[in-house]
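A short write-up of the structure that comes next.
In this text, all values refer to a predicted model and were calculated from it rather than measured experimentally.
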4 protein chains.
Amino acid sequence: MPTGRNQRADATRNRELLLAAAEEEFTEKGLDASVADIARRAGVAKGTIFRHFATKEDLIAAIVSGHFAALIAIAERLLTASDPGAALLQLLTETADNIRQNDLLFLQSITGNDSRVLALRDELHATITALVTKAQEAKAIRPDLTGTDVFALMCTPVHAVDFLPNPSPDSWKRYLAIIFDGFRPEGATALPVAAPDWG
Amino acid sequence: MPTGRNQRADATRNRELLLAAAEEEFTEKGLDASVADIARRAGVAKGTIFRHFATKEDLIAAIVSGHFAALIAIAERLLTASDPGAALLQLLTETADNIRQNDLLFLQSITGNDSRVLALRDELHATITALVTKAQEAKAIRPDLTGTDVFALMCTPVHAVDFLPNPSPDSWKRYLAIIFDGFRPEGATALPVAAPDWG
Amino acid sequence: MPTGRNQRADATRNRELLLAAAEEEFTEKGLDASVADIARRAGVAKGTIFRHFATKEDLIAAIVSGHFAALIAIAERLLTASDPGAALLQLLTETADNIRQNDLLFLQSITGNDSRVLALRDELHATITALVTKAQEAKAIRPDLTGTDVFALMCTPVHAVDFLPNPSPDSWKRYLAIIFDGFRPEGATALPVAAPDWG
Amino acid sequence: MPTGRNQRADATRNRELLLAAAEEEFTEKGLDASVADIARRAGVAKGTIFRHFATKEDLIAAIVSGHFAALIAIAERLLTASDPGAALLQLLTETADNIRQNDLLFLQSITGNDSRVLALRDELHATITALVTKAQEAKAIRPDLTGTDVFALMCTPVHAVDFLPNPSPDSWKRYLAIIFDGFRPEGATALPVAAPDWG
DNA sequence: AATGAATGAGGATTCATTCAT
DNA sequence: AATGAATGAATCCTCATTCAT
């Protein structure tokens, strides 16, 4: 016996289906994935997509927001870890793993105006910065590194894999290890340019 | 009255104009830059573009080929340098600098079928591998690194900058330095996964 | 707990709310006013509108019917006035005033098939014809004018205002006066074409 | 042997075909006539319409402009007539005749921002005002009438016909005669409202 | 070889209407 | 009776590509 609650449950399910379908389509076809294809993949009518997301851009913002939120959760959890250096490496590992399945990095380019996305991005940046500071106090990473640097480099291991002819699903771990080795405090080269501002 | 020779000269010039205009447009607007805008920027008619490049994809392949060729030239020149470690760093620096001006990375996604582009990419990969080997023989970089690894990581300094809210034009130098620090042989962490195959 | 009676009362109220909201929306946005906006303005769900009016066209027909009914009431009241000429002018004045607030003229274009609207229109035409005849018997207006003529010209004062760059709300009175001056019997020009048939 | 000139001639012809088709479609279906239908009627592809008119609104502006230009030509020609009163009547006659075939009055509603249309409208208004002044100096029409009044009333004879169940193509002449009788100077009623401003 | 007009498939979005709850 | 989610046809417009000149 379906209640009003059930109806809402159906709509919620459609929303999830759409987000999932959109992620897959965007991953496969990039930003030009069509709303029609997303709807088809989700098994709903084209119009339904606009009930849930007023605009294609809104849909993208929702996806990006979801990922940022997930990354924030990861980072906050790691903030209480006992070994700050390991925690930072763990953050980068989980981040890359989260991103690896759906490389939505390019989606960010469109969400530059969405205040919700921007707020989440700032929050993630702040949490990462806190983690970086802790790791530096523990002398686990080089002292000239900033949270902004880590934020910028966070996705590069996954991205590096994209330039390979036959990307294997695990190679990002290799590139993360190399980059993290660049974070070591011992024998670090003096950096040629000052750290970029965040805001 | 233009002679056959002159006409050919004009056509060649148009080709160059179109390639230059296309690079600028793609840099500014990404893959969605329109053929019409490129033609307008080059100062030729829309139809002319298709006389030179059968397809928008062909045009992109031509651009990407040009950049690969430039990178190959750089790499080959550095092959004869006396300090192989410095040469490798120099390669990555010049590559990033070359890319920074016209980020054509996204263009690669489309050229996966173009045999000319693939051949050039293979050639670049081979030259980089030779440089890497020399640097390893000189013990300038860690021995577990492969040419494929360097190829994959080559663009990441530039890409990292794209994730910053206010990208400053020089920040890639900072990220290249950090990543290159990860190439140091001393105290390198054992890499968790094997190097990916190239072909 | 609403009883059957209460529910019916609610439904009636909803119908009125919808009609009022629809008039406002149509006035503001023309025929393209959306059913969704009307529902929102009325404070009911979109589905409810279709319980009351099977079709958007039906809703429009209901509005037009209401206005025709109002005009009929005005005309019938004036049928008993002592000065038939003044009564005719009064009819045109009240009509224009009624129309001015909600220009529903454009709505008529759609209701050409609705028998209820057509019947009301015929009734209004008949009443106007009676008023015209009385005015002619009193020699207040030119004898070659027909009820059909007056019906046709009835809305023109309001419409004339629409062609002005800055319409002022009272200008229709000016145009009604001018047109009504064309109704004067003295010195009337012979009309070049016969009066149109009504049905 | 077709030259560049011929090609241009073809394009010009398509432009005319499109304008004609658009007028017919708009006349039949109102502002909601679809671009696709217009293209089909003109016998060209949908895309062609946008080569000639960047926007549906632009197309409408072109139509309205054409009509305003025609009316201006009529008015200017009549400015030199010997009998100014007859000239004014003639203007209204030719205007109505011009408009009768394609009632594009409603199209004006959309062109409120198009400076070209606005300029033509102002020019027409000015010319009409000149004609009115001349007619008043000749005591052919009432002295309290303005060019703005005539502009506003210009289309009403045609519009009146639209409210008839079976509009006959000539009835507008009847309504023009009636309205023009309202312009007579003798026995004119004092107008209840001041003449509206133009700009 | 160059031009630019024409083509038509494809894209995002809107909206009247239907339907499950 | 009311709700609001889902539908899918229709709309304006864009753009790579073709073609007549």
Side-chain angles (χ1 to χ4, degrees), chain A residues 1-15 32-39 43-57 59, chain B residues 2 4 6-8 10-11 14 32-39 44-57 59, chain C residues 2 4 6-8 10-11 14 32-39 44-57 59, chain D residues 1-15 32-39 43-57 59:
Chain A
M1 283 82 234
T3 68
R5 196 191 210 100
N6 273 345
Q7 179 145 18
R8 197 136 60 240
D10 255 32
T12 302
R13 189 158 160 281
N14 270 346
R15 206 190 126 96
D32 294 337
S34 85
V35 171
D37 284 347
I38 292 171
V44 305
K46 216 177 347 181
T48 300
I49 218 167
F50 290 99
R51 157 166 295 277
H52 291 277
F53 308 97
T55 281
K56 188 185 181 180
E57 235 172 280
L59 168 57
Chain B
N6 277 343
Q7 285 185 5
R8 226 175 289 131
D10 264 26
N14 272 349
D32 293 338
S34 83
V35 172
D37 283 349
I38 292 170
V44 305
K46 206 179 357 176
T48 302
I49 219 168
F50 289 96
R51 172 164 303 278
H52 290 279
F53 308 96
T55 276
K56 190 184 182 183
E57 231 172 286
L59 169 59
Chain C
N6 277 343
Q7 284 184 3
R8 226 176 289 132
D10 265 24
N14 271 350
D32 294 337
S34 82
V35 171
D37 283 347
I38 292 171
V44 305
K46 206 179 354 175
T48 303
I49 220 168
F50 290 97
R51 172 164 304 276
H52 290 279
F53 308 96
T55 275
K56 188 184 182 183
E57 232 172 284
L59 168 59
Chain D
M1 282 81 235
T3 68
R5 197 188 208 103
N6 275 343
Q7 178 146 17
R8 195 137 62 243
D10 255 34
T12 303
R13 188 158 159 282
N14 268 347
R15 206 190 125 97
D32 294 338
S34 85
V35 171
D37 283 348
I38 292 172
V44 305
K46 217 180 343 181
T48 300
I49 218 167
F50 291 100
R51 157 166 297 277
H52 291 278
F53 308 97
T55 280
K56 188 185 182 183
E57 233 173 282
L59 169 58

- Query: What dot-bracket string describes DNA chain E from 5' to 3', counting Watson-Crick and G-U wobble pairs whose defining distances are under 3.5 Å, with [ ] for crossing pairs and | for pairs to another strand?
  - Reply: .||||||||||||||||||||
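Of all heavy-atom pairs spanning D/Ala39 and D/Lys46, the tightest one is CB-CA, 3.8 Å.
Across the protein-nucleic acid pair, D/Arg51 atom CZ and F/dC13 atom P stand 16 Å apart, rounded to whole Å. Going from atom CD1 of B/Ile38 over to atom P of F/dC15 covers 11 Å, rounded to whole Å. Computed from coordinates, the D/Arg13 CZ to E/dG4 C1' distance equals 18 Å when rounded to whole Å. When rounded to the nearest whole Å, the span between CG of A/Asp10 and P of E/dC19 equals 17 Å.
Rounded to the nearest 0.5 angstrom, A/Arg15 CZ and A/Asp10 CG are separated by 15.0 Å.
Taking side-chain N and O atoms only, D/Thr48 has no distance below 4.0 Å to OP1 or OP2 of E/dA5. Neither OP1 nor OP2 of F/dA5 sits under 4.0 Å from any side-chain N or O of A/His52. An OP1 or OP2 oxygen of F/dA1 is reached within less than 4.0 angstrom by no side-chain nitrogen or oxygen of C/Asn14.
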Please tabulate the protein-to-nucleotide N/O contacts below 3.5 Å involving nucleotides 14-18 of chain E, giving atom names and distances.
unit_1: E/dA16; atom_1: OP1; unit_2: C/Lys56; atom_2: NZ; d: 3.0
unit_1: E/dA16; atom_1: OP2; unit_2: C/Val35; atom_2: N; d: 2.8
unit_1: E/dT17; atom_1: OP2; unit_2: C/Lys56; atom_2: N; d: 2.9

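Inter-residue side-chain proximity for A/Ile38 and A/Leu59 is flagged as met; some heavy-atom pair is nearer than 4.5 Å.
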Residues 49-56 of chain B, side-chain donor-acceptor partners within the protein, below 3.5 Å, at least two apart:
unit_1: B/Lys56; atom_1: NZ; unit_2: B/Leu31; atom_2: O; d: 3.2
unit_1: B/Lys56; atom_1: NZ; unit_2: B/Ala33; atom_2: O; d: 3.0

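Side-chain proximity of A/Val44 to E/dA2, E/dA6, F/dT7: nearest is F/dT7.
Partners of B/Ala45 according to the side-chain contact (heavy atoms from CB on, under 4.5 Å) rule, which considers only residues two or more places apart in sequence or in another chain, are B/Thr48.
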